[in-house]
Amino acid sequence: MTFPPTHTTTVEPAPQVRDDMTVEVAISVLTSARSEHLVVCDEDDQCSGRVTMAHLATIRDSTAYTDRVRLRDVLGRPVSV
């Protein structure tokens, strides 16, 4: 007799993007993929973090935002609402 595991962990696959992608393009990718977040990778394809739509929207709506802001510029920074 076999028993199912007591718990299972499922991780929703998320699109991987490079950290040199602009915030505006990342928003477009996230919307198109219909995902909850993007996995951000550095130039060595090492995961350096993840971003959500809420995080990206807050950055885009900030006064310091320009269309040249890249994910590496904002990754790891606290998001203020």
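For the numbers below, each heavy atom of this structure counts, side chains included, while hydrogens, waters and symmetry mates do not.
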Output every pair passing side-chain hydrogen bond (donor to acceptor under 3.5 Å, both in side chains) with a member in residues 14-31, not counting sequence neighbours, ordered by first then second residue.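 As it turns out, the side-chain hydrogen bond (donor to acceptor under 3.5 Å, both in side chains) pairs with a partner in residues 14-31, which skip direct neighbours, are Asp19-Arg72, Glu24-Tyr65.
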Close side-chain approach of Leu56 to Leu71, heavy-atom, < 4.5 Å: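 The answer is yes, as the side chains (C-beta and beyond) meet within the 4.5 Å cut-off.
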Any sub-3.5 Å donor-acceptor pair from Ser32's side-chain atoms to Val29's backbone N or O?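 Absent.
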So which atom in Asp42 and which in Ser48 form the shortest heavy-atom distance, rounded to 0.1 Å?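 Reported closest heavy-atom pair: N-OG, 4.0 Å.
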Between Val39 and Val23, is there a shared hydrophobic cluster once you connect ILVMFWY residues whose side-chain heavy atoms come closer than 4.5 Å?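 No, Val39 does not connect to Val23 through the hydrophobic network.
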Sort and list the pairs that fulfil salt bridge (Lys or Arg N to Asp or Glu O under 4.0 Å) and have at least one residue in residues 44-55, not counting sequence neighbours.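 Every pair satisfying salt bridge (Lys or Arg N to Asp or Glu O under 4.0 Å) with a residue in residues 44-55: there are none.
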